[in-house]
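A short write-up of the structure that comes next.
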Amino acid sequence: MTAPFREATIELDAIADNVRHFRRLTGVEVIAVVKANAYGHGAAAAAVAALSAGATRLGVAEIAEALELRRQGVHAPIMAWLHAPGERFEHAAAQDIEIGISSFDQLEAAAAAASVDRPVGVHLKFETGLSRNGVAPADWGRVLAEAARLERVGRLRIVGLFSHLSNTSAEDDRAALAKFDEGVAAAASFGIRPEIRHIAATAAAIDLPETRLDAVRIGSGSSGSRRSTTGPPPNSGCVRR
Ligand SMILES: Cc1ncc(COP(=O)(O)O)c(C=O)c1O
């Protein structure tokens with residue numbers, strides 16, 4: 001027996017409303033996370049809705065996702081933070097994609113993708129306890145010194161310092177934030193002054209105001225309808241409006 005067909009109705013207005021809500025709630029920049037095709041909602045459509053509601057930047061996991069957004073005409077700043085070992089960043093740099101940096105090698109690869117008078121934008125990621133990626137504390141000195149040097153010589157522009165929280169408990173998240181603050185202070189000691197610091201995703205942006213810093217990265221929190229829809233779908237496929 002085949003399962004009955006189900007249609008998902010994507011309300012782009014609801015995405016916009018939710019982004020507006022996070023702007024008001026947090027009072028800081030919203031980076032709309034549209035990875036994994038905006039969690040299945042359609043990356044470009046969700047990105048445009050979020051930007052129209054005041055999101056200033058976009059976040060995705062992989063460079064390919066960022067390039068696809070550019071191909072679809074999205075011009076806002078986009079950062080991508082998950083890279084394969086040995087990945088090169090020339091294609092990303094050519095499309096002004098900002099690179100999340102989790103290692104010394106990624107830092108060097110980003111700098112290698114810079115062209116004359118066109119530094120590559122990077123966000124340096126500190127590992128603060130989640131152990132998912134990010135520069136380990138033991139490497140902070142080496143990575144920060146090199147990042148500062150590469151910025152001075154015009155190969156990199158350090159746009160952001162960031163990390164990611166586990167959301168397992170408020171205590172864990174506060175400990176991660178304290179570790180992150182150490183990273184920010186270490187960066188400052190090398191003369192690094194990022195445009196933004198960001199650590200909170202949806203849960204912390206709501207529950208832990210001290211994690212909001214300069215920007216929050218909102219993925220799941222941008223979806224969720226303002227109102228329920230009823231009735232069987234008239235057509236097959238996914239409807240966006
Ligand atoms: C680095 C990073 N930031 C932000 C998010 C968005 O998280 P959420 O969907 O909880 O808002 C994700 C999602 O996995 C992520 O990996």
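Order of listing sets the numbers, starting from 1, for every ligand and every atom in it.
A salt bridge does not link K179 with E127: none of the charged nitrogens is closer than 4.0 Å to a carboxylate oxygen. A salt bridge links E29 with R57; the closest basic N to acidic carboxylate O contact falls under 4.0 Å.
Between T202 and ligand 1, at least one N/O pair is under 3.5 Å apart.
The backbone N or O of A201 lies less than 3.5 Å from no partner atom in the side chain of R217, so there is not a single donor-acceptor pair. A distance-only check finds a donor-acceptor pair linking the side chain of H83 to the backbone of G100 [under 3.5 Å].
Scanning the protein for heavy atoms near atom 13 (C) of ligand 1, the closest one is K35 NZ, 3.3 Å. Protein heavy atom nearest atom 10 (O) of ligand 1, with residue, atom name and distance: S220 OG, 3.5 Å. Atom 16 (O) of ligand 1 has its closest protein heavy atom at R132 NH2, 3.0 Å. The protein heavy-atom contact nearest to atom 4 (C) of ligand 1 is R217 NE, 3.5 Å. In this structure, atom 7 (O) of ligand 1 lies nearest to the protein heavy atom A201 CB, 3.4 Å. Protein heavy atom closest to atom 12 (C) of ligand 1, with residue, atom name and distance, is H164 CE1, 3.8 Å.
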request  = Please step through side chain to side chain contact (heavy atoms under 4.5 Å, CB included) for the pair D172 and L165, ending with a clear verdict.
outcome  = CA-CA 8 Å; D172 279 3; L165 297 170; over 6 Å; no
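Listed by atom number, the atoms of ligand 1 under 4.0 Å from G219 heavy atoms are 6 (C), 8 (P), 9 (O), 11 (O).
The option with the heavy atom closest to atom 1 (C) of ligand 1, from among Y39, F22, W81, is W81.
Between D96 and R70, some side-chain heavy-atom pair lies under the 4.5 Å cut-off.
Between F162 and W81, the ring planes lie tilted relative to each other; the angle falls in the 30° to 60° range.
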